[in-house]
Amino acid sequence: MRTIIPLHADSSPTAYAALAALLAADGVAAIPTESSYALAVSPFRDSALGALFRMKRRPGDKPILVLIGDADQLPLLVETIPPAAEVLARSFWPGPLTIVFPSHPSLPARLTAGTGTVGIRLPAVPLLRELLVHVGPLTGTSANRFNQPPLCTAEAVSAELGCDVDLILDAGPTPGGIPSTVIDARSSIRIIREGAVSRAALGDRLHRAGFALSP
């Protein structure tokens with residue numbers, strides 16, 4: 001049975017406790033991000049990831065990005081932090097930039113789709129970061145069926161996903177808009193998807209740090 005819990009400063013303890021219990025049971029939650037609602041499961045639990053893929057009807061060759069609440073959580077997810085990735089994280093986090101890192105070997109193959117990489121974002125929403133610090137890293141794929149538009153209200157998530165989603169943390173409407181930019185910051189630094197952070201801004205910051213952005 002789906003549960004909807006308000007998420008705001010006064011309700012945080014209740015929301016944290018409900019989400020932590022759900023994650024331990026491999027459930028799937030919908031949480032608000034800086035653009036739309038996202039589907040959240042533990043990135044460390046393969047069975048939870050399986051439930052997420054089935055709910056989204058997402059092909060298994062598509063990796064899932066991860067949201068963190070603090071850069072201190074990176075060692076749980078990445079094998080190394082390339083120098084260019086460190087520069088970008090210092091410059092654009094918290095914010096709408098997803099950085100692709102070499103994945104920690106302990107991560108489920110379903111999360112990385114066998115790529116050996118993991119995309120990570122430190123979101124700009126303080127309430128979301130506090131949640132992530134409390135419960136740990138979570139998946140951040142959009143709360144919709146595969147190839148459907150992003151959903152920006154708890155009501156829309158409930159209507160589209162029904163009881164397939166176990167818990168919705170309702171923080172009101174999210175603003176929508178341009179999704180995060182995704183950049184692979186390993187040996188060849190390239191933009192996978194240009195979004196809210198422009199190529200010009202990334203190229204300028206990398207150039208000043210002695211790195212080159214691939215065309």
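The first residue in the sequence is number 1, and the count goes up from there. Because the structure is predicted, anything quoted here is derived from the model rather than measured.
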Asker: Could you state the interatomic distance from CG (Leu67) to CG (Leu122), rounded to the nearest 0.5 Å?
Answerer: 9.0 Å
Asker: Within the distance-only criterion (no hydrogens, no angle test), does the side chain of Thr139 pair as donor or acceptor with the backbone N or O of Leu39 below 3.5 angstrom?
Answerer: yes
Asker: When you measure from the side chain of Ser12 to the backbone of His8, do you find a donor-acceptor pair of N or O atoms at a distance under 3.5 Å?
Answerer: yes
Asker: Taking C-beta and beyond as the side chain, do Thr98 and Ile192 meet within less than 4.5 Å on heavy atoms?
Answerer: no
Asker: What's the spacing between Ile81 CD1 and Phe101 CZ if we round to 0.5 Å?
Answerer: 6.0 Å
Asker: Just so I know, are the side chains of Pro137 and Phe44 near enough to count as touching, which here means a heavy-atom distance under 4.5 Å?
Answerer: yes
Asker: Taking C-beta and beyond as the side chain, do Leu202 and Arg205 meet within less than 4.5 Å on heavy atoms?
Answerer: no
Asker: Say whether, by atom type as modelled, one donor and one acceptor occur between the side chain of Thr33 and the main chain of Ala38 under 3.5 angstrom.
Answerer: no
Asker: For the side chain of Arg110 and the backbone of Ala48, is there at least one donor-acceptor N/O pair under 3.5 Å apart?
Answerer: no
Asker: Does Thr181 reach the main-chain N or O of Gly195 with its side chain, forming a donor-acceptor pair under 3.5 Å?
Answerer: yes
Asker: Measuring only between side-chain heavy atoms, which start at C-beta, is Ile168 closer than 4.5 Å to Ile5?
Answerer: no
Asker: Out of the candidates Leu52, Asp166, Leu138, only one should pair with Val41 under the side chain to side chain contact (heavy atoms under 4.5 Å, CB included) rule; please name it.
Answerer: Leu52
Asker: Check whether Lys56 reaches the backbone of Ala143 with its side chain - one donor and one acceptor, N or O, closer than 3.5 Å.
Answerer: no
Asker: Apply side chain to side chain contact (heavy atoms under 4.5 Å, CB included) to residues Leu111 and Val118 and explain how you reach the verdict.
Answerer: CA-CA 8 Å; Leu111 180 74; Val118 60; 4.3 Å; yes
Asker: Please check this pair: side chain of Ser42 against backbone of Leu23, looking for a donor-acceptor N/O pair closer than 3.5 Å.
Answerer: no
Asker: Using side-chain heavy atoms (C-beta onward) and a distance below 4.5 Å, is Trp93 in contact with Ile99?
Answerer: yes
Asker: Quick one: pull up CG in Asp184 and CZ in Arg193 and give me the separation to the nearest 0.5 Å.
Answerer: 14.0 Å
Asker: Can you give me every donor-acceptor pair (side chain of residues 68-77, partner residue at least two apart or in another chain, under 3.5 Å) with its distance?
Answerer:
unit_1: Asp70; atom_1: OD1; unit_2: Asp72; atom_2: N; d: 2.7
unit_1: Gln73; atom_1: OE1; unit_2: Gly69; atom_2: N; d: 2.8
unit_1: Gln73; atom_1: NE2; unit_2: Leu132; atom_2: O; d: 3.1

Asker: Give every residue pair that meets the side chain to side chain donor-acceptor pair (under 3.5 Å) criterion with at least one member in residues 150-164, sequence neighbours excluded.
Answerer: Arg2-Ser158, Arg145-Asp164
Asker: Run the side chain to side chain contact (heavy atoms under 4.5 Å, CB included) test on Val182 and Arg121 for me, step by step, so that the C-alpha distance in whole Å, both residues' side-chain angles and the decisive distance to 0.1 Å come before the verdict.
Answerer: CA-CA 9 Å; Val182 182; Arg121 185 167 86 249; over 6 Å; no
Asker: So does Glu34 pair up with Arg129, basic N to acidic O under 4.0 Å?
Answerer: no
Asker: Just wondering, do Ser188 and Ser214 contact through their side chains at under 4.5 Å, heavy atoms?
Answerer: yes
Asker: Between CD of Glu130 and CG of Leu7, what distance do you get to the nearest 0.5 Å?
Answerer: 9.5 Å
Asker: Report yes if the side chains of Gln148 and Ser142 come closer than 4.5 Å at any heavy-atom pair, otherwise no.
Answerer: no
Asker: Tell me the closest heavy-atom pair linking Ala30 and Val165, and the distance in Å.
Answerer: N-CG2, 3.8 Å
Asker: Can you tell me how far the CZ atom of Arg58 sits from the OG1 atom of Thr141, to the nearest 0.5 Å?
Answerer: 4.0 Å
Asker: Looking at OG1 of Thr115 and NZ of Lys62, how far apart are the two atoms once the value is rounded to the nearest 0.5 Å?
Answerer: 12.0 Å
Asker: Under 4.5 Å between any side-chain heavy atoms of Pro83 and Phe211, yes or no?
Answerer: yes
Asker: Would a distance-only check, ignoring hydrogens and angles, find a side-chain to backbone donor-acceptor pair under 3.5 Å from Glu194 to Arg199?
Answerer: yes
Asker: Do Val197 and Leu88 land in one hydrophobic cluster if side-chain heavy atoms of ILVMFWY residues count as linked below 4.5 Å?
Answerer: yes
